[in-house]
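Data block below; observations after.
Protein chains get the first letters and strands the later ones, always in sequence-line order, with residue 1 at the start of each. If you're wondering where the values come from, they're calculated on a predicted model, not measured in any experiment.
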Number of protein chains: 2
Amino acid sequence: MYSFINKMNFYSCLTPEEKTAIQDCVDSKHRFARGQRLTGADEKPDKISIVTDGWACRFKTAHDGTDQIISLILPGDQCEDLSSVHYRPGYSVRALSDIRLTRLDRQKFLSRLTPDSGLANGLAWSSVVDTSMMGEWLLNVTRRPAAMRLAHLLCELFTRYAIIGRTDDSSMYFPLTQVALSEALGLSPVHLNRSLQLLRHKQMVSLYRKTLTILDWRQLAGFADFDNRYLHISGKLPVSLRLAS
Amino acid sequence: MYSFINKMNFYSCLTPEEKTAIQDCVDSKHRFARGQRLTGADEKPDKISIVTDGWACRFKTAHDGTDQIISLILPGDQCEDLSSVHYRPGYSVRALSDIRLTRLDRQKFLSRLTPDSGLANGLAWSSVVDTSMMGEWLLNVTRRPAAMRLAHLLCELFTRYAIIGRTDDSSMYFPLTQVALSEALGLSPVHLNRSLQLLRHKQMVSLYRKTLTILDWRQLAGFADFDNRYLHISGKLPVSLRLAS
DNA sequence: TAAAATAAATAACCCAGATTAATAGAGGTC
DNA sequence: GACCTCTATTAATCTGGGTTATTTATTTTA
C-alpha cells in the first residue's frame with residue numbers, strides 16, 4: 001500500500017491521519033499471474049484496485065480482435081479511473097507481469113474524500129496526469145515514426161519509474177514483452193523489434209531479460225522529442241533526468 | 001449558455017436554482033473567427049470557456065510541426081478540462097468555424113460545486129465521457145483503417161450532434177475542412193479525401209458545403225464498427241440512432 | 001464580377017510499416 | 001535433461017497510406 005500512499009503524497013501532501021485512513025480502507029490483497037484479466041470492459045468495479053507490485057495495462061479490443069493498450073499501470077497506480085468508478089469503463093485491465101494488488105473499499109474510501117483533503121487533491125492531480133498522458137500517447141502513436149515512438153515510451157516509463165523510486169541508477173525492471181510493447185505502440189511485433197534494434201545499435205538503450213538500461217539519456221530523450229512537462233512533475237525529479245530534450 | 005446548461009442537465013439533473021446559478025457565473029462573451037487560437041498549451045486558464053456556437057478543437061503540435069487534434073469541441077462543450085483548470089493543459093485550442101464563446105468566472109463557478117450538487121455530478125459525467133471518448137479516439141486512430149476511421153468519427157459526431165438536438169433529420173452542420181478531418185484522424189489530406197470518396201461511393205454519407213448527411217446510418221455504423229456505449233448516453237437517444245451496429 | 005485565396009479532387013509514384021515465414025533462444029515442466 | 005512453449009530475431013515480400021504535383025471547384029475580398 002505504500003506505493004499508493006507515496007504516489008498520493010507525491011502529487012499532494014498527506015497528513016499522517018490521511019495515510020492511516022488509506023490503510024483502513026484496505027479490503028483485500030490479491031495476486032495475479034501475468035496475462036490474467038483483472039477487469040472486463042463491461043463490469044462496474046465496486047472496489048478500487050491498486051497495483052502494489054508489477055505491471056498491468058488498460059486495453060481496448062478492436063474490431064479485428066487485436067488489443068490496443070491505452071495506458072500502463074505501474075506500482076501505486078489504480079487499475080481504473082477513480083472518476084469512472086460508477087460506470088462501465090470501456091476498457092479491460094490485464095496483468096503484464098505477475099502482480100500484487102490491493103483492493104480498497106470504495107464506500108469507505110470515498111467517504112474520506114472531503115473536498116479539500118490532501119487525498120482528494122492527490123487524486124485530482126493523478127487524474128489530470130492520467131488524462132495528460134493519454135493525450136501524449138495519442139500524439140505519440142499518430143505522429144511519431146516507430147523508433148521515435150518507442151523511444152518516447154521508454155523515456156516516459158523510465159521517468160515514471162524514477163518518480164516512484166524504483167529505478168536503479170540507469171536501469172529498471174521492465175517486464176513488457178515485445179508483443180506487449182507493440183500493442184501499446186500500435187506497431188507490429190516485427191517492426192517493434194526492428195525499432196528496438198535501432199535504439200540498441202545507436203547505443204541508447206539496452207533491454208535484456210526484463211531489465212531496461214538507459215545508456216544515453218540525453219540522446220534518447222532528444223531522439224524521442226521527450227518533454228516531461230506533460231507528466232506534471234516539475235521540480236521533483238532526479239537531476240540526471242532533467243536534461244530532457 | 002443554454003447549450004451548456006442543457007448538456008449538464010443531460011448528464012445529471014439540474015434544479016432551476018442551479019440553472020440560474022450558472023447564468024450568474026457568466027463573465028463575458030466573445031466571438032472568434034475560424035482558425036484563431038483560443039488558448040495555448042502553456043497558459044493556465046483562469047476562466048472557464050464554453051463554446052456556445054460553432055466548433056473548436058483541442059490539439060497538440062508534434063515534433064515536425066504538424067498538429068494532431070485530440071478532441072472536438074461542439075456547442076455546449078468546455079474548451080478545457082475543468083479538472084485541469086489549475087494546470088497547463090498540454091494542448092491548445094483552436095476554432096474550427098467561427099464561434100461564439102462564453103466565459104464563466106472560475107471562482108464563482110467552483111464555489112457552486114458542492115459535492116453532491118447536480119452540477120458537480122454533471123461535470124463528473126462530462127469528464128468521464130471526455131476520457132472515454134479519448135480512449136475510443138486512440139483505438140480509432142491506431143487500429144482502424146482509414147475509411148473505417150473516418151466513418152467512425154462521422155458516427156460519433158452525428159450522435160453527439162443529435163444529443164444536443166442540432167441534427168436536422170439525417171443532416172447536420174459540419175464545418176470541418178478535409179484538412180481538419182485529416183488532422184483529427186492522423187491521415188494525410190489526400191488519403192482522407194480518398195476515404196471520403198469511398199464512403200460517398202458506397203452511398204453512406206454525403207458531405208457538401210458544410211452539410212453532412214447520413215444516407216444510410218445502419219450501413220455506416222456497421223462499417224465503422226460503431227458502438228455508442230462509450231458515449232454513455234444509454235436510453236437518451238433518438239430511436240433512429242439506436243440501430244448502431 | 002473579377003481576382004485572389006482557400007478547399008477539394010485526382011493522378012503518379014514512393015515508403016514506412018505490415019505480413020508471412022522460418023530460426024534461434026529462454027523458460028518452464030515433468 | 002528432454003520436451004514444449006513462449007519470446008525474440010531476421011529475411012523476404014507486400015500494401016495502406018504518404019508525398020508531390022496539378023487541376024478544378026468554392027469562397028472571400030476588392
Side-chain angles (χ1 to χ4, degrees), chain A residues 33-36 55 62-68 94-98 140-154 173-201 205-212 223, chain B residues 33-36 55 62-68 94-98 140-154 173-201 205-212 223:
Chain A
R34 187 172 69 128
Q36 278 192 287
W55 294 30
H63 61 105
D64 60 357
T66 61
D67 289 342
Q68 174 66 40
R94 162 161 58 98
L96 292 171
S97 69
D98 292 350
N140 201 27
V141 144
T142 53
R143 297 291 161 169
R144 297 199 252 258
M148 188 175 175
R149 212 185 287 186
L150 171 61
H152 195 276
L153 181 62
L154 298 183
Y173 169 63
F174 195 91
L176 300 191
T177 65
Q178 295 190 6
V179 169
L181 272 172
S182 72
E183 286 176 349
L185 293 169
L187 294 169
S188 67
V190 173
H191 201 64
L192 184 279
N193 182 279
R194 285 196 282 252
S195 307
L196 180 56
Q197 299 304 344
L198 183 75
L199 300 191
R200 282 169 172 154
H201 288 142
V205 303
S206 126
L207 176 54
Y208 183 60
R209 298 205 183 182
K210 300 190 181 174
T211 299
L212 171 69
F223 178 73
Chain B
R34 186 172 68 128
Q36 278 191 286
W55 293 30
H63 61 106
D64 60 357
T66 61
D67 289 342
Q68 173 67 40
R94 161 161 57 99
L96 292 171
S97 69
D98 292 351
N140 200 28
V141 143
T142 53
R143 297 290 161 168
R144 297 199 253 257
M148 187 176 178
R149 211 184 290 186
L150 171 60
H152 195 277
L153 181 62
L154 297 183
Y173 169 63
F174 195 92
L176 300 192
T177 64
Q178 295 190 3
V179 169
L181 272 173
S182 72
E183 287 176 347
L185 293 169
L187 294 169
S188 68
V190 173
H191 200 64
L192 184 280
N193 182 280
R194 287 195 280 248
S195 307
L196 180 55
Q197 299 305 343
L198 183 75
L199 299 190
R200 281 169 172 155
H201 288 143
V205 304
S206 125
L207 176 53
Y208 184 58
R209 297 201 182 184
K210 300 189 181 173
T211 298
L212 171 70
F223 178 73

Round to the nearest Å and state the distance from [X] atom [atom1] to [N] atom [atom2].
X         : N       : atom1 : atom2 : answer
Gln197(A) : dT9(D)  : CD    : P     : 5 Å
His201(B) : dA8(C)  : NE2   : P     : 16 Å
Leu181(B) : dA7(C)  : CG    : P     : 13 Å
Gln178(A) : dT9(D)  : CD    : C1'   : 8 Å
Leu150(B) : dG17(D) : CG    : P     : 12 Å
His191(A) : dT15(D) : NE2   : C1'   : 14 Å
Lys210(A) : dA26(C) : NZ    : P     : 14 Å
Leu196(B) : dA9(C)  : CG    : P     : 6 Å

Problem - Glu183(A)/Arg94(A) salt bridge by N-O under 4.0 Å criterion - result: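 The answer is yes: the pair qualifies as a salt bridge.
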Handout entry: Note, Leu185(A) side chain near Asn140(A) side chain (heavy atom, < 4.5 Å)
Key = yes
May I ask you to say what [X] touches in the nucleic acid, namely base, sugar-phosphate or nothing, with a heavy-atom cut-off under 4.0 Å?
X         : result
Arg194(B) : base
Pro145(A) : sugar-phosphate
Gly35(A)  : nothing
Thr177(B) : sugar-phosphate

Practice task
For Leu192(A) and for Arg209(A), find the nucleotide of DNA chain C with the closest heavy atom, then tell me which residue's nucleotide is more 5'.
Solution key: Leu192(A)
When you get a sec, tell me which of [options] is the closest nucleotide to the side chain of [X]?
X         : options                  : answer
Val190(B) : dT19(D), dT6(C), dC6(D)  : dT19(D)
Asn193(B) : dT19(C), dA9(C), dA7(C)  : dA9(C)
Arg200(A) : dT26(D), dA18(C), dT9(D) : dT9(D)

Handout entry: Position toward the 5' end of DNA chain D (nearest nucleotide), Arg34(B) or Leu176(A)
Key =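 Here Leu176(A) is the residue nearer the 5' end.
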